[in-house]
There are 2 protein chains.
Amino acid sequence: MDTKTIGVLGGGQLGRMLVEAASRLNIGVVILDNPEDAPAKQIQATHPHISGDFKDPEKIKELAKSVDILTIEIEHVNANALEEIRKETNIAIHPSPLSISLIQDKYAQKVHLSKYNVPVIGFIEVPTKEHIYDAAQKFGYPLMLKSKTMAYDGRGNYVLKSENDIDQAIKFLGNFKMPLYAEKWAPFKKELAVMVIKSINEQLESYPIVETIHKDNICHLVIAPAQVDSVVLDEAKKVAVRKIFVNEIAPRPHNSGHYTIEACETSQYENHLRAILNLPLGSTALKVPVSAMVNILGLSSDLEETLRSAVIALTIPGATVHLYGKKECRKGRKMGHITVVANSIPELYKRITPIIRAIDKNEAPPSSIQPLVGIIMGSDSDLPVMKDCAVILKLFQVPFEISIVSAHRTPDRMKEYAENAHKRGLKVIVAGAGGAAHLPGMVAAYTPLPVIGVPVKGKVLDGVDSVHSILQMPGGIPVATVAINNSKNAGLLAVRQLGAFIPEFAEKMTEFLKKQGDEVKTKDKRLQEVGWENY
Amino acid sequence: MDTKTIGVLGGGQLGRMLVEAASRLNIGVVILDNPEDAPAKQIQATHPHISGDFKDPEKIKELAKSVDILTIEIEHVNANALEEIRKETNIAIHPSPLSISLIQDKYAQKVHLSKYNVPVIGFIEVPTKEHIYDAAQKFGYPLMLKSKTMAYDGRGNYVLKSENDIDQAIKFLGNFKMPLYAEKWAPFKKELAVMVIKSINEQLESYPIVETIHKDNICHLVIAPAQVDSVVLDEAKKVAVRKIFVNEIAPRPHNSGHYTIEACETSQYENHLRAILNLPLGSTALKVPVSAMVNILGLSSDLEETLRSAVIALTIPGATVHLYGKKECRKGRKMGHITVVANSIPELYKRITPIIRAIDKNEAPPSSIQPLVGIIMGSDSDLPVMKDCAVILKLFQVPFEISIVSAHRTPDRMKEYAENAHKRGLKVIVAGAGGAAHLPGMVAAYTPLPVIGVPVKGKVLDGVDSVHSILQMPGGIPVATVAINNSKNAGLLAVRQLGAFIPEFAEKMTEFLKKQGDEVKTKDKRLQEVGWENY
């Protein structure tokens, strides 16, 4: 194992979680930051830390002398000082001072991304007020006005709704003392975050794509994996099409990746260490089905009020509280976070609801849920039969989708549906068809998922034709066939399949079976009471 | 949140992991132990620790003065000194000094357990050599000779194979300077560990039962959940029947629970803190399907040699390395541990094999695996048909069991099988039956699991009778029916159901479908080559 010591510029919560990962690997860490009791310093007693500003060249040099590798937990460090050290010494610095300075300037960052054909929203430098008018003419209103540097968590940004806002915006952003740029307004449905780890020897791994929900411009909630269609996810991973824009990049562990500590096979913090130490990168796979992260932001200077969500979290299964050891609580300050894991998205949303309501009692939990079951049918004439399946899934609160996909009339659509179903997170497909009922079998030929076939009774042959077409599949491609027209049982079978792995559905199925039995007993009781002649 | 400070007697790895959990909750911890750089002290810089022996009454008093609650990470502390402090001050001490002294004396512990009808193996005090002869007469050889106190990790134990060993054993165990007792030899199949958390206000939670595998009397491997039948697990939880014996109890976080950090919704360390702080206990559920823990024990004084398993673990998906920051490596010393998580037991065993082989290149991975699929059939005459299902499951390396269970001839056995299947870890049942084929439907009536029905063709009616009996289930109880005699497809359907949640099976299914397609293409190629007349 490596016995190198790492110096970190910055001693906040990201540094603290880095130290946590480092301690488990016996890696020494020295922190440079002003407070004697900075969060990262509190949990490392084996090395003397350095008190000072992470922008102070002398202090950075002092740090460099006592460690083998330099890294950062915040990008607003002194990149020039780091570049000096890089030139003068042999010390490894990751990320490179060049990358850091590029990231510090959001305008330069976007120029760089554009150069490499990465999609970004339209943007332009605005060195004077006149340039702002030009930008507005080009991009229209609302228009984003941004400071090139030192902009984060909503700071250094101003939304111009009309010409009338310009003077106030210029004043708010410091009268051009920090250079500004303007950005086309980007209406968006969701904000996604992708974390990628690259090690020194160019090994590359990416974490699952997550959905980030901001409140007052600060990250509030992270959902992993993002509840969006796989097509969008593929786009996000490739950043290849215009529906997705890169907003910004941070060359360090990120708030959107805190959830990885509890939810992934290797945390972003440990992987940051492994990357800069040139150790093999760890698996970035989720080890739990789903996860969410809620930031604990100071509600006021009252720590107790701020920690209401943490107190609630202690009562929630699957919730883990992380407090950062910050002594002073301020409105908007990141005081900690809560990670929640669960077996399914509905369970996850149920678990996070009391936590987010402890922060804001009116907040609605997120509502976008990717379906677990896909119901398809060959024709809308099958809908009256297939509805029973939907009723059951709704009763069990299983997220599902329902569509018309015909094997004979839309063969390509069927192929596309079947081939992508498992990539979109579906766990089982229920397919209903009548007559020469090819849909279930053909879908089964294209998907590795289990397919449940519902033989729909036609006008002739009493459904026997459908049964034979669905049931008598050749060896190699199975279809789980249920009784004629019995899409209710198809729904129940889907619930049982989910319940084998998601305990809440198994519990509901056990209740359902009991209730069903009780109904029969009730009917018998009535039969005994009123007698068979009057029943 | 609580702002109490906790004092811990002992600063080893258990203390270190307690500190880790405490830091996340902003709970201050003060450690009492001799080394200045004890593992637990290394990761806590906010409080001054105390250097001294955790048996020294003065030092314990000093610790008590600086904290609100006292706890332990090792039971070999000075219980009398704690009892003094309890009498003289108001400080909370958990566990109580009384419990600690009871646990310190393994003989007293067993007397206590017996008093409360907890099953323990036969034991008797042996204050003199004569008493050892008496014990041997009572219990036979081999006979365990144990020191009442300070016995752990195999220390303080001696196995008497015959009378001839007695003198050597007495010498080894200190010539009765420490009182001894004898214990009947307990032949055992497996050693299980159950961790229970009780909070101050008597809230009680238990973790999943794990299997512990010892090597040279020290814990080597932990498997969670234990791969034993649910009937045994129920017994272990209740400790109600004589097939299971309590061996020993530790009133603190335990080596067998390290895995909970990565694998459970709340770690044993956080729950220990919550218990003694009277906070709500956290969920003890597994958040990953399965997990294992491998201890990193010193192989020699060479740390690099000892850390071979950790270096390998960095390349294994799902593995997390914990090193304890101990400076001196000694043979047998606990230097760290590795936790591995996985989606299934076969995947877990595959992942841990290179790790345990880095410790001992000849070690075989554990072999006991609970089945995921249960194949049942109404009669042995169905076996020729049902074999195809077994062949497929073997091909996909799915753990399964196969039995004869008749609905009509063994209705009680069928009910018992179906009712317990999900408790035993089965995820799907494949049931084959012919004629008035009741087995699949009746099993489905008793289980919340998905049931796949295979209609077996009888001597008359061509299997149509079986199809109708299995397929035409009433609404409410579904059976996934496959083609007549096609138990191959039943196996494939089971694999698809597992694959929806266990990625390795989905990957294998995708490969299988491709290979199946390739086979058809090969046949076509031959048809084109040799022509249809010669094919």
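All chains are named by letter (A, B, ...) in the order of the sequence lines, taking the proteins before the strands, and each is independently numbered beginning at 1.
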Under 4.5 Å heavy-atom distance to chain A, tell me which part of [X] shows up: side chain, backbone, both or neither.
| X | result |
| --- | --- |
| B:Gln516 | side chain |
| B:Val482 | both |
| B:Pro474 | backbone |
| B:Ile261 | side chain |

Region of [X] in contact with chain B, defined by heavy-atom distances below 4.5 Å:
| X | result |
| --- | --- |
| A:Phe512 | side chain |
| A:Ile452 | neither |
| A:Arg308 | neither |
| A:Ala319 | backbone |
| A:Val467 | side chain |
| A:Asn486 | side chain |
| A:Val341 | both |
| A:His422 | neither |
| A:Ile502 | side chain |
| A:Thr447 | both |

Task: Side-chain heavy atoms of A:Glu265 within contact of B:Ile316, under 4.5 Å - done: no
Task: Considering all heavy atoms, the nearest B:Lys41-A:Ala45 contact - done: O-CB, 3.5 Å
For chain A, which of [options] has the most heavy-atom pairs under 4.5 Å?
| options | result |
| --- | --- |
| B:Lys508, B:Arg274, B:His49 | B:Arg274 |
| B:Ala285, B:Gly475, B:Gly325, B:Pro317 | B:Gly475 |
| B:Lys427, B:Met509, B:Gln44, B:Glu262 | B:Lys427 |
| B:Gly282, B:Pro448, B:Ala494 | B:Pro448 |
| B:Ala483, B:Pro280, B:Ala263 | B:Ala483 |

Donor-acceptor pair, side chain of [X] and main chain of [Y], under 3.5 angstrom:
| X | Y | answer |
| --- | --- | --- |
| B:Lys287 | A:Val288 | no |
| B:Arg24 | A:Thr320 | no |
| B:Arg496 | A:Pro478 | no |
| B:Gln472 | A:Ile484 | yes |

Looking at chain B, which one of [options] has the largest number of heavy-atom pairs inside 4.5 Å, strictly under?
| options | value |
| --- | --- |
| A:Ala444, A:Ala445, A:Gly517 | A:Ala444 |
| A:Ala500, A:Pro455, A:Ser283 | A:Ala500 |
| A:Gly491, A:Pro450, A:Ala480 | A:Pro450 |

Rounded distance (nearest 0.5 Å) linking atom [atom1] of [X] with atom [atom2] of [Y]:
| X | Y | atom1 | atom2 | answer |
| --- | --- | --- | --- | --- |
| B:Ile470 | A:Leu471 | CD1 | CG | 9.5 Å |
| B:Ile477 | A:Leu492 | CD1 | CG | 8.0 Å |
| A:Ile43 | B:Gln42 | CD1 | CD | 12.5 Å |

- [ ] Just do the side chain to side chain contact (heavy atoms under 4.5 Å, CB included) check on A:Thr46 and B:Asp37 with the steps written out, would you?
- [x] CA-CA 7 Å; A:Thr46 55; B:Asp37 61 353; 5.9 Å; no
Open item on the list: Looking at A:Lys327, I want to see if its NZ is surrounded by more than 12 non-hydrogen atoms of other residues, nucleotides or ligands under 6.0 Å.
Closed with: yes
- [ ] Please test A:Arg16 against B:Ser23 for side chain to side chain contact (heavy atoms under 4.5 Å, CB included), starting from the C-alpha separation and ending with a verdict.
- [x] CA-CA 10 Å; A:Arg16 183 179 171 105; B:Ser23 294; 3.8 Å; yes
TODO: Please test A:Tyr324 against B:Asn26 for side chain to side chain contact (heavy atoms under 4.5 Å, CB included), starting from the C-alpha separation and ending with a verdict.
DONE: CA-CA 7 Å; A:Tyr324 303 149; B:Asn26 275 2; 5.9 Å; no
